[in-house]
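Since the model is a prediction, treat every value here as computed from it, not as a measurement. Side chains are part of it too, since the values below use all heavy atoms of this structure and drop only hydrogens, waters and symmetry mates.
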Amino acid sequence: GLVYWITDLNKGLKKKKRALWFGPVLASGRLIVVSDKGEAVALDPQKGTKTATLKLGGVTLIPPVAMNGTLYLVTEKADLIAIR
(Lines give C-alpha, C1' and ligand atoms only; values in the text may rest on other atoms or scores of the structure.)
Protein backbone atom coordinates (compact mmCIF):
# COMPACT_ATOMS: atom_id res chain seq x y z
CA GLY A 1 0.00 0.00 0.00
CA LEU A 2 0.82 3.67 -0.16
CA VAL A 3 1.52 6.01 2.73
CA TYR A 4 -1.30 8.57 2.94
CA TRP A 5 -0.12 10.46 6.00
CA ILE A 6 2.33 10.41 8.89
CA THR A 7 1.60 12.06 12.24
CA ASP A 8 4.29 12.62 14.87
CA LEU A 9 2.42 12.35 18.18
CA ASN A 10 5.53 13.50 20.06
CA LYS A 11 6.17 16.56 17.88
CA GLY A 12 7.75 19.41 19.81
CA LEU A 13 8.31 17.41 23.01
CA LYS A 14 11.68 16.98 24.69
CA LYS A 15 13.00 13.41 24.99
CA LYS A 16 11.96 13.03 28.64
CA LYS A 17 8.36 14.02 27.86
CA ARG A 18 7.92 11.84 24.76
CA ALA A 19 5.42 9.02 25.00
CA LEU A 20 5.46 5.47 23.71
CA TRP A 21 2.30 4.85 21.68
CA PHE A 22 0.40 1.57 21.36
CA GLY A 23 -2.19 0.62 18.78
CA PRO A 24 -3.74 1.76 16.55
CA VAL A 25 -7.22 0.29 16.65
CA LEU A 26 -9.91 1.39 14.21
CA ALA A 27 -13.15 2.00 16.12
CA SER A 28 -16.17 4.17 15.33
CA GLY A 29 -14.45 5.61 12.29
CA ARG A 30 -11.37 6.74 14.25
CA LEU A 31 -7.90 5.37 14.81
CA ILE A 32 -7.31 5.09 18.56
CA VAL A 33 -3.82 4.98 20.10
CA VAL A 34 -2.86 4.94 23.78
CA SER A 35 0.33 6.02 25.48
CA ASP A 36 2.52 5.17 28.41
CA LYS A 37 1.69 8.67 29.70
CA GLY A 38 -1.94 7.70 30.39
CA GLU A 39 -3.51 9.29 27.34
CA ALA A 40 -5.75 8.06 24.53
CA VAL A 41 -5.79 9.92 21.21
CA ALA A 42 -8.30 9.58 18.38
CA LEU A 43 -7.07 10.29 14.86
CA ASP A 44 -8.95 10.86 11.64
CA PRO A 45 -8.03 7.79 9.54
CA GLN A 46 -8.08 9.74 6.27
CA LYS A 47 -6.05 12.80 7.31
CA GLY A 48 -4.10 11.72 10.41
CA THR A 49 -5.24 14.74 12.41
CA LYS A 50 -6.10 14.49 16.10
CA THR A 51 -9.84 14.58 16.68
CA ALA A 52 -9.89 13.95 20.45
CA THR A 53 -7.63 13.40 23.45
CA LEU A 54 -8.59 11.74 26.72
CA LYS A 55 -6.65 11.45 29.99
CA LEU A 56 -7.08 7.89 31.23
CA GLY A 57 -5.94 8.23 34.83
CA GLY A 58 -3.47 5.39 34.42
CA VAL A 59 -0.63 4.18 32.22
CA THR A 60 -1.61 1.85 29.38
CA LEU A 61 0.99 -0.37 27.74
CA ILE A 62 -1.11 -2.53 25.41
CA PRO A 63 -3.36 -1.54 22.50
CA PRO A 64 -7.06 -1.04 23.22
CA VAL A 65 -9.69 -3.56 22.14
CA ALA A 66 -12.90 -2.43 20.42
CA MET A 67 -16.08 -4.50 20.62
CA ASN A 68 -19.80 -3.71 20.30
CA GLY A 69 -19.32 0.07 20.38
CA THR A 70 -17.09 0.03 23.47
CA LEU A 71 -13.34 0.59 23.69
CA TYR A 72 -11.62 -1.46 26.40
CA LEU A 73 -8.27 -0.47 27.91
CA VAL A 74 -6.19 -2.04 30.66
CA THR A 75 -3.83 0.05 32.79
CA GLU A 76 -0.54 -1.16 34.24
CA LYS A 77 -2.34 -1.42 37.62
CA ALA A 78 -4.81 -3.86 36.03
CA ASP A 79 -7.70 -1.39 35.98
CA LEU A 80 -10.17 -2.07 33.18
CA ILE A 81 -11.45 1.09 31.47
CA ALA A 82 -14.46 0.92 29.15
CA ILE A 83 -15.21 3.93 26.93
CA ARG A 84 -18.40 4.36 24.88
J.: Restricting to side-chain contact (heavy atoms from CB on, under 4.5 Å), what partner residues turn up for Pro64, sequence neighbours left out?
T.: Val25, Ile32, Val34, Leu71, Leu73

J.: Side chains of Thr49 and Trp5: closer than 4.5 Å at any heavy-atom pair?
T.: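 The answer is no, as the side chains (C-beta and beyond) never meet within the 4.5 Å cut-off.
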
J.: Can you tell if the side chain of Phe22 reaches within under 4.5 Å of the side chain of Ile62, non-hydrogen atoms only?
T.: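 Result no, sub-4.5 Å side-chain heavy-atom pair not found.
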
J.: Show the nearest heavy-atom pair for residues Gly29 and Pro45, with the distance to one decimal.
T.: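 The pair with the smallest heavy-atom distance is O-CD, 3.2 Å.
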
J.: Do Val74 and Ile81 come close enough that some side-chain heavy atom pair is under 4.5 Å?
T.: no

J.: Locate the shortest heavy-atom distance separating Pro24 from Leu31; write the atom from each residue and the value.
T.: CB-CD2, 4.0 Å

J.: Do Leu9 and Val33 pass the side chain to side chain contact (heavy atoms under 4.5 Å, CB included) test, and can you show the C-alpha distance, the side-chain angles, and the key distance before you say yes or no?
T.: CA-CA 10 Å; Leu9 297 172; Val33 292; 3.7 Å; yes

J.: So Leu56 and Thr75, do their side chains get closer than 4.5 Å, heavy atoms only?
T.: no

J.: I need the full list of salt bridge (Lys or Arg N to Asp or Glu O under 4.0 Å) pairs touching residues 4-23, with sequence neighbours left out, sorted by first then second residue.
T.: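 Residue pairs with at least one partner in residues 4-23: there are none.
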
J.: Is there any salt bridge (Lys or Arg N to Asp or Glu O under 4.0 Å) pair reaching into residues 34-58, and which pairs are they, with sequence neighbours excluded?
T.: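 For residues 34-58: Glu39-Lys55.
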
J.: If you measure from CG on Leu54 to CD1 on Ile83, what distance do you get to the nearest 0.5 Å?
T.: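 Here the rounded value is 5.0 Å.
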
J.: Quick one: does any side-chain atom of Thr7 pair with a main-chain N or O of Gly48 as donor and acceptor, under 3.5 Å?
T.: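 Indeed, once roles are kept as given, a pair shorter than 3.5 Å links the two residues.
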
